[in-house]
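Notes to accompany the following structure.
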Amino acid sequence: MTSRQIRQQFLDFFASKGHKIIPSAPIVAKNDPTLMFVNSGMAPLKDFFLGNQTPPALRIADTQKCLRVTGKHNDLEDVGRDGYHHTMFEMLGNWSFGDYFKREAIAWSWELLTEVYRLPKDRLYVTVFKGDAAENLPFDEEARTEWLKYVPEDRILPFGKKENFWEMGEQGPCGPCSEIHIDLRSDAERATRDGRELVNADDPNVIEIWNNVFMQFNRRADGSLEELPAKSVDTGMGFERLCRAIQGTPSNYDTDLWRPLFDFLEKYTGIRYEGTYPGLHTDWKMTDVAMRVVADHLRAVCFTIADGELPSNTGAGYVIRRILRRAVRYYYSFLEQKEPLMYRMAPILAEEFADVFPELKAQIDFVVRVVLEEEKAFLRTLESGLRRLESLEVHKGILDGRQAFELYDTFGFPIDLTRLIAREKGWTVDEAGFEKALQEQKERSRKDAAKTVGDWTVLRDESDVSFVGYDQLEVDDAYVLKYRTVQVKGKPQYHVVLNRTPFYPEGGGQVGDTGWLYFGDEKIQVLDTKKENDLVIHYVERLPQNIEAPAVRAQVNVHRRRLVENNHSATHLLHAALRRVLGQHVQQKGSYLDDQTLRFDFAHFQKVTDEELAQIEHLVNEKIRENIALEEARSIPLEEAQKAGAMMLFGEKYGERVRMITFDPTYSRELCGGCHVKQTGRIGFFKIVSEGAIAAGVRRVEALTADAAERHVAALEREMASIRALLKAQEPARAVAELQEENKRLHKEIERLLWQQASQVRQQLRQQAEQRNGFAVVTAVTTLSDTNIIKTLASELERELGTAVVALGSISGEKPLLTLRISEALVSKYGLHAGNIARELAQKYLKGGGGGQPVFATAGGTDASRLLEAVEAVKGYLP
RNA sequence: GGGGCAUUGGCUCAGUUGGCUAGAGCGCUGCGUUCGCAUCGCAGAGGUCGCGGGUUCGAGUCCCGCAUGCUCCA
């Protein structure tokens, strides 16, 4: 059975049991501050369990893209070393929201595994929750009873809270779970040891494949548990493991899911993949580990980029960069590949997953480009790190830990490569010193990030929060549901949640609203509005006295909101214009808009030319002048919007019902939750102010609308007018070019004259030279002022006179300058030192200081009155 | 969000504790060598040392701020 069939059968099976099949949510977690990436099938459905949103159906099932880089048994550094850990993986899941419970969940999981997939029953074990006295939780008798219908008693194993009780967080839904484990050992091994002993014992061949969570309790803030009225089921089955179990391969990596990637690697590198593992095979190959790392990380990187998260130096983007770089490190060190490689593999992956996750194939050119650039950048970093490492001074064969850390921390050179090279050179690395520096760095960051989130004070326990800001900018009958204080760097922030609000929370690139809340006579400023798990949070300047006021008036800053709307609608018009002018490959990669400006990032591979920009700007302005009326479909089924041709974004999670914003059905139609003008005419005027690159394959356009655009143009005109006035020219550009030319010519002319003057002075001084003890001495105060010329003059004189001492005084501005040159021969013969002489003279006569080399020195000061004396005094130092 | 590092001709980089006339290689221009090209030789152009303050007699070099890039950590 192929992996495609296995996946499809899962979905078909649950569809036949009345489940609605939903597409995978994007792998990048948005809207959830506690999570960067979706790490389980359940994560995108959290709001349904918390009651913040209604699920599209009571029974749903899907395969979800997941990414795990940290966790108790899954450190990024371990991936590739064994056969069952991955960064990116698929999780199959079926859910019941207050619908079926243990009986059906258990029956169906057994049916699917044994009858559809035909896994041997005698290799399956199940676990149930054995209860916990301290928590006052009973043995999960119900699950055991259900299992007894299919599984003999001795294969139903009880486990405690750690393995078999699941909680979403410190509060909220939780409950016992029941896992299905499979014993994949050979018959011979099975004969020697009972599989029951190996369940939950970290044996690579006796593994959990399916977890069924039965949510039946709610954990309250005080830690107590209450029985939920509507009980739910949440299940998750690791797809890669399931494929391994069904296909009977020695590890996940030997299934057909990975074969095409290994085929490519074998062909490209000429190294055979042998499927060995450290710890399992005595003759294991590092090349095998490296190939698994590359193949695994490729999947993580490609799918995440396709979902809109680009490699960067911060946040989720940084995690992606780290994963990609780990892969590069492995192929660079162990597969002997010194050129970009993974970008060639991305299309293979896209083809493999074209039917399940089409978003990758749809954007493959873009993904390839980004991966290539990122690989190139890191290979450059490696090269320069190597050079730096080569030039380090190493004492007693121990590479200083701080130096190793500096290479890593400042120059991004991986510590394991440092170790590898150190070993080749016969050095050891001071690991303790490295570790200490790393811990210090972590401590610094943690300390900074420290913010204490106070508990919510709940005034009314209602979960129904409504946003009315599309239609109203003011409500006068709201009340506070809850509030809290958050300490950020010692400064308090106050958060307030209302039952109804006209305030738009930051999202979809649009800034949050500001405005005011009136608690009776008390007026509180709203500084910002943000969303957390579908909860609208008002950031206020302070908490009111009367926070329990029954009727709070909430008023959005209307003027600001209107400007934001202008920019948001203009962004839609711009998006459509870009696609018309540049082509359909233009995909939104991000946007930001507030009351001042708008920014729009999109996939495009070349610079947008000035002509194209002009065309785009013109098209948008044309649409503004057409004064198109907004068509808003506030809640229509997703399929209907798709049929209508609405633009959807990759990496965006859409619900069952969506909001569709149209400005002329033949021009712009997007799914969007933001705020818009009623007529495009309101935008007034659209002006692009900049275009540039922000990442590989991503361009950014910044533009202004309405008053801001007008002000911008007016400022440009004023500036132009003043330039024209100054130049008194019709063609300022040409006039400036001519001026620059002229200026350059004059500069050269002045320099030429100065040198001419200097050369006259030189001839004069040469004649004035005194002879003593077989060398020439020149002492003089000149009227030259350019220090460079004087320095040159001194050295030329010295050269012309053969063996000589040249001491020149000059005045630059108000300040005296002494330049002293002594021939090398005199320096070595008499031990003269120009620097020391200059310093002493400057201190004595000039109220200053000086210094330099034995043969050449300069000195200066603040008092020029005794300059001549100083120059003459040089003679006192000479033999 | 918090650290570290970097920013010097078109490109890649040197520039010791502040003081030799800001350099090197590649590239560019011209001339020569050559039937021509590559090569080689000679000559030359090209730099507000990221920006703004400060310390100093003197700052590419030290201090502060800003910008941009790289990098590590959260």
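Numbers restart at 1 for each chain; the letters A, B, ... are given by sequence-line order, proteins then strands. Computed from heavy atoms alone, side chains included, the values below leave out hydrogens, waters and symmetry copies.
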message: Below the 4.0 Å mark, does U71(B) have OP1 or OP2 next to a side-chain nitrogen or oxygen of Tyr408(A)?
response: no
Atom [atom1] of [X] to atom [atom2] of [N]: distance rounded to whole Å?
| X | N | atom1 | atom2 | value |
| --- | --- | --- | --- | --- |
| Gln493(A) | G1(B) | CD | C1' | 13 Å |
| Arg329(A) | C72(B) | CZ | C1' | 13 Å |
| Glu824(A) | C20(B) | CD | C1' | 11 Å |
| Arg325(A) | C72(B) | CZ | P | 5 Å |
| Leu379(A) | U71(B) | CG | P | 12 Å |
| Glu440(A) | A74(B) | CD | P | 15 Å |

When the [atom1] atoms of [N] and [M] are considered, how many whole Å apart are they?
| N | M | atom1 | value |
| --- | --- | --- | --- |
| U61(B) | A22(B) | C1' | 12 Å |
| C26(B) | A14(B) | C1' | 15 Å |
| A45(B) | G10(B) | C1' | 12 Å |
| A43(B) | G4(B) | P | 47 Å |
| U17(B) | U12(B) | C1' | 28 Å |
| C13(B) | G47(B) | C1' | 15 Å |

Just checking [X]: base, sugar-phosphate only, or nothing, at a heavy-atom cut-off of under 4.0 Å?
| X | value |
| --- | --- |
| Thr858(A) | base |
| Arg839(A) | nothing |
| Gly852(A) | base |
| Phe413(A) | nothing |

Do NZ/NE/NH1/NH2 and the carboxylate oxygens of [X] and [Y] come within less than 4.0 Å?
| X | Y | result |
| --- | --- | --- |
| Glu77(A) | Arg329(A) | yes |
| Lys436(A) | Glu440(A) | yes |
| Lys844(A) | Glu869(A) | no |

query: Can you find an N or O donor on one side and an acceptor on the other, under 3.5 Å apart, linking the side chain of Gln853(A) with the base of G19(B)?
result: no
query: What are the two closest non-hydrogen atoms of Leu379(A) and Glu339(A), and how far apart are they?
result: CD1-C, 3.7 Å
